[in-house]
Structure formats: structure tokens, C-alpha cells
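The analysis underlying the following values was restricted to heavy atoms, covering all of them including side chains, and did not include hydrogens, waters or symmetry mates. Ligands are counted one by one from 1 in listed order, and the atoms in each one are counted from 1 as well.
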Amino acid sequence: MVYSQDPQNQVDAVVLGAGFSGLYMLYRLREAGFSTRVFEAADGVGGVWYWNRYPGARCDSESVYYNYTFSEELFKEWSWSSRYPEQPEILRYLNYVADKFELKPDITFNTRVTSAVYDEAANRWQVKTDTGETVSAKYFITGVGCISSANVPNIPGLNDFEGQAYHTGHWPHEKVDFTGKRVGVIGTGSSGIQSIPVIAKEAAHLTVFQRTPQYSVPAQNHTYTKEFVEEVKNKYSEIRRQMKETVAGLRFEFGEQSVLDDPPEVRRQKLQEGWEKGGWEILFTYNDLLANEEGNELVAEFIREKIQEIVDDPETAKKLTPDHFYGTKRAIVDTDYFETYNRDNVRLVDVKASPIEAITPKGIRTTDNEYGLDALVFATGFDGMTGSLFKIDIRGKDGVSLKEKWENGAKTRTYLGLTTAGFPNMFMLTGPESPSVLGNMPATIEQHVEWVSDCINHLRDNQVDVMEAESQAEEEWSAHCKELADATLYTKTDSWYTGANISGKARGFPIYVGGYGAYREICDDVAVNGYKGFSFKQV
Ligand code: NAP
């Protein structure tokens, strides 16, 4: 179905973004008979998987969980090639979904929404785009992603560099050939750690500019056999259940014991098994890794020892050894990351010890050296959680902007991470104060999309025109999120979760840490109890 060409340009819903969230939201709304427009800045579907085309980009959730489960037919039609497939395969999957359900005709590509303003008299959202279009919608739904607003640090001389510069989150579509080049990579988060081993194999020389060393655990990636893929398809119901009920929408629950319960040799054996299985096994081995300083230190020390064992040069190994709490920055899984520093053509520069002073026409100057480079890769991350929302001028009742209400990010206030008071009929898919990034994104996206579409159906069935979060419910939800987060170690580490990566950004932890399964129950309970915490208006 193509959206209705209403002369007033009116639709039931406008959805922002054609990634995992926006595609499924469109599907659900259309199935329920709501006219829907999706706006997407890119010229194709995929969201982060459209933009993040850097070498080595792949998911860090196991692929069999990194997909939709709303359609059993879709789940059984698609076969993943490996445990952690690369970006092109994930983008192919999202295109397959969009084509299978004929979603693309309802998506307006190459179009960025610049503002969305709530018109209280009409009870509608007026949505404007950078192509000059204005659309009036009853419901305004954001699916803009939590980590989609690229952060390029404001280093002096940024524009003086004469070589090629790239950000991992805005990688060119055509292959970037580093053959014979001296390449510099700034940043050692997930994007840096995935790309560094691949770039090192191609470049003549690679210099890694590291500010904070990271824990990383082998992905133990491997291709799937035909038999395994068939087995997975037969486990559709079980996988869907796990994605709905577990703490992170994966096959894991946290272990039953405290890190401190195990004697050293048992703990070591369990961690060794986790290391060999790879991925996030270690993170979920114990029940208090993210809350117990002493226990976290024991696990962190295990990984530090691995780094010392893998990296040949003791000085480099020392520089690569982190000292923050393990898991409080997004836990990273890699393929040959630490091994890469044993290559002759790779050098590590500690820019905490010798900060970057400037980017020069020929490379990077730190306080103690100058590094000649032909190409520069910014693996410097994103303005997470609020960055993409704040790029749009979103205004609710009385013309108050979301940015003002949330005090420029210093005080996000939401009800359930889905809605915010003063912004009626607006929903944020994987918004701040939902569990979103603390697990497997497709699982949390499906839950949000299903809750929102059920909610909108409920409003229609009950002839309700306007729904708005109550301030009291919102205060309580935000306080609950803060209380849970403050009881963990997450808030003690500088990370993009806490906003510490963006200069001038207020520190917070706008993510619900109680787990996907528990969060789903809370949301379901709100719905079953007549959407408690919301006010309703019939016009
Ligand atoms: P990130 O985790 O924020 O890492 C950015 C890196 O750049 C950090 O090492 C940071 O150092 C460094 N940096 C930032 N500004 C700098 C500056 N001015 N000078 C020197 N270094 C600077 O970003 P990311 O690696 O893009 O990952 C972001 C998130 O995206 C991940 O945590 C993950 O959730 C998601 N992601 C997932 C995958 C996947 O496996 N599916 C892949 C990529 C990304 P500091 O640590 O000191 O701030």
C-alpha cells in the first residue's frame, strides 16, 4: 500500500528512520490500517547498518538472535552465514525484510525531518522535512537509533588534513583501499576494535591513537553449517521466547552466583570456558559482575592477564591494559584485536599520556611526537541516546522543545522510555530510560514496536484522540531508572552511556538497567491496567 495522497498531507502516523525500528513500526501500523509515512535521511533502508560500512563492521549479538521474530515465515526463510555476520549481510537482511513486506513504497528516502511541532488546537503533529514538505500526523514516532549521531571530536586543525579522513559511522559506499597507505585510527571502542585488525592487514602502516584501553574478548566467530542453521529454524519458538524474556534478549541469563562465591580455581575455570566460548559469555557468568567492585576486579584481572599473554611487547601490552570496571563500557567482542599489536606494521600511541594537540596537513601531532599519515579514521563514536533526537526540533505543548525539557540532556525525563509528558501522541522507539542498548537491539525494538502499535490500536478502539504521559508517572519512572543505575558500576565509568564522551554533555545514565524481561513485564502491566500513568482526551 502506498500512503494516501491526502490533499492536506495528513496521515495517521509519521515514523522517523528506516532501520530495524522504523521498518517494523511501519509494518505493524500498516497491518492495523493506519496510513503511515516513514522518513529516512539515507537513500536506502538499514539505519546504522546503512551508515556503518567500515572494514570489519559486524554485529556483536549472535546472528540467530539478531533478527526479527514477529514473522515465523521470515525467520525460517533467512539463513545467517556465521555467528557474527558482517555489515553487508545484515544490510541485505534488512533489504530482504523491506522487500518481502513491500515496505519501501511507504518510505520517503533522502529526506531528513527537521522539525516536529505539536499543534494543540488540532491535536496533530506538524512534521517538516529538509525537502520542504509538511505532513500532519496524529502520531509521531521516532525510530532514530540510540547511537546514530556521529561524534567527530573538535580537534584543532580538523579540516587541515590533506589525506583522506573517514568516520566509521559515515563510511563511503565504495571500498576504501588502504593498500600502501599510512593509516591512523583514533578510538578503540567497538568500531575501532573491529576495524583495526582489518585495516592493519591492508595498510602499509597503522597507528592507533588510544585514549582509553578497552577490555575485549574473542568473538570466536565461525561460519554456520547447514545443519546448525536448520536446527535454529526448528527452535523458532524457543528463540522468540528467549528474546522476549531474558535479561538482554539473548540466550543468556546472569549466572546464579556472585563472583565472590567461587574459589579462585573454579572462577578461573569458568572464565576460561567463557573466553573459549567467546562473545558475551564472561559478562553473564555471574549475577553481580556489574554491581560488585571486588568481583568485577577479579574478572577484569582475568582479561588483563589475557592481554599480557597475547601481546608480545610488554610496553604495548601495558598501554592496552584497562583499569575501569569490566562491562561498564559496552563489552566488546573482537577477532584478533590484541594479536594485531604483534604485527610489525602496527604502533599504539597512548593519547592520554601524550594528548593529541592538532591534526596537521600531514598527520597528527601529539604533545611528544608527530605522526605522518595518508589516511585518518575517526572511530570516535556517537552522541548516544539523545544526540539524534536533539538534531530534530521537536516541540510539544506550549512550544516547549524536547531539548529544553530535558535540559540539553542533563535531565532526560520519560515514562517507560517510550513517552514524555507534554508531548502527546509521541512515542520514542528505544528511547532514553528504556533498556535499549544494554542487550540485543532487535529484541528490544520488537517489544517497543509491539507495545506502541497495541497502544495505538487501543486508542482507536476506544475513540481516544490524545494520550499523554502524566508528570507524576514520568517522575517516578525516571527516579526508578536512576535508582537502579546508581546501584551498579555503570555510573562509575566514563562512557558514551554516561555521556562522558561528548565534550560539554551532562553526565547521566539514561538507560533502564533492570533487564529486558523485567521491563517488558512492566510495560505489559501498564497496558493491561488501562495504560495507567497516562491521561486521555476525546475531542
Ligand atoms: P565508542 O565506544 O564511544 O568509542 C569511541 C572511541 O573513541 C573511544 O575509544 C574513545 O575514547 C575515543 N575517542 C573519542 N573522542 C576522542 C578524542 N577526542 N581523542 C581520542 N580518542 C577519542 O564508539 P564506537 O566504537 O563507535 O561504539 C559505540 C557503540 O556502538 C558501541 O558501544 C556499540 O554499542 C555500538 N557498536 C556496536 C558494534 C557491534 O559490534 N555491533 C560495532 C560498533 C559499534 P574514550 O573511551 O576515552 O572516550
Starting from the C-alpha separation in whole Å, work towards a yes-or-no answer on ring-ring contact (aromatic ring centres under 6.0 Å, His included) for Phe75 and Phe70. CA-CA 8 Å; Phe75 185 87; Phe70 67 86; over 10 Å; no
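Residues Phe209 and Ile364 have side chains in contact (heavy-atom distance under 4.5 Å, counting atoms from C-beta outward).
Nearest heavy atoms, Thr380 versus Asn151: OG1-O, 2.7 Å. Of all heavy-atom pairs spanning Glu370 and Thr360, the tightest one is OE2-CG2, 3.7 Å.
Near ligand 1, residues Tyr54, Arg58, Cys59, Asp60, Ile147, Pro153, Ile186, Gly187, Thr188, Gly189, Ser190, Ser191, Gln194, Arg211, Thr212, Lys329, Arg330, Ala379, Thr380, Gly381, Phe382, Trp496 each place a heavy atom inside the 4.0 Å sphere around the ligand atoms.
With sequence neighbours excluded, the residues that form a ring-ring contact (aromatic ring centres under 6.0 Å, His included) with Trp451 are Tyr531.
Inspection of the Glu446 and Tyr68 side chains reveals no N or O donor paired with an N or O acceptor under 3.5 Å.
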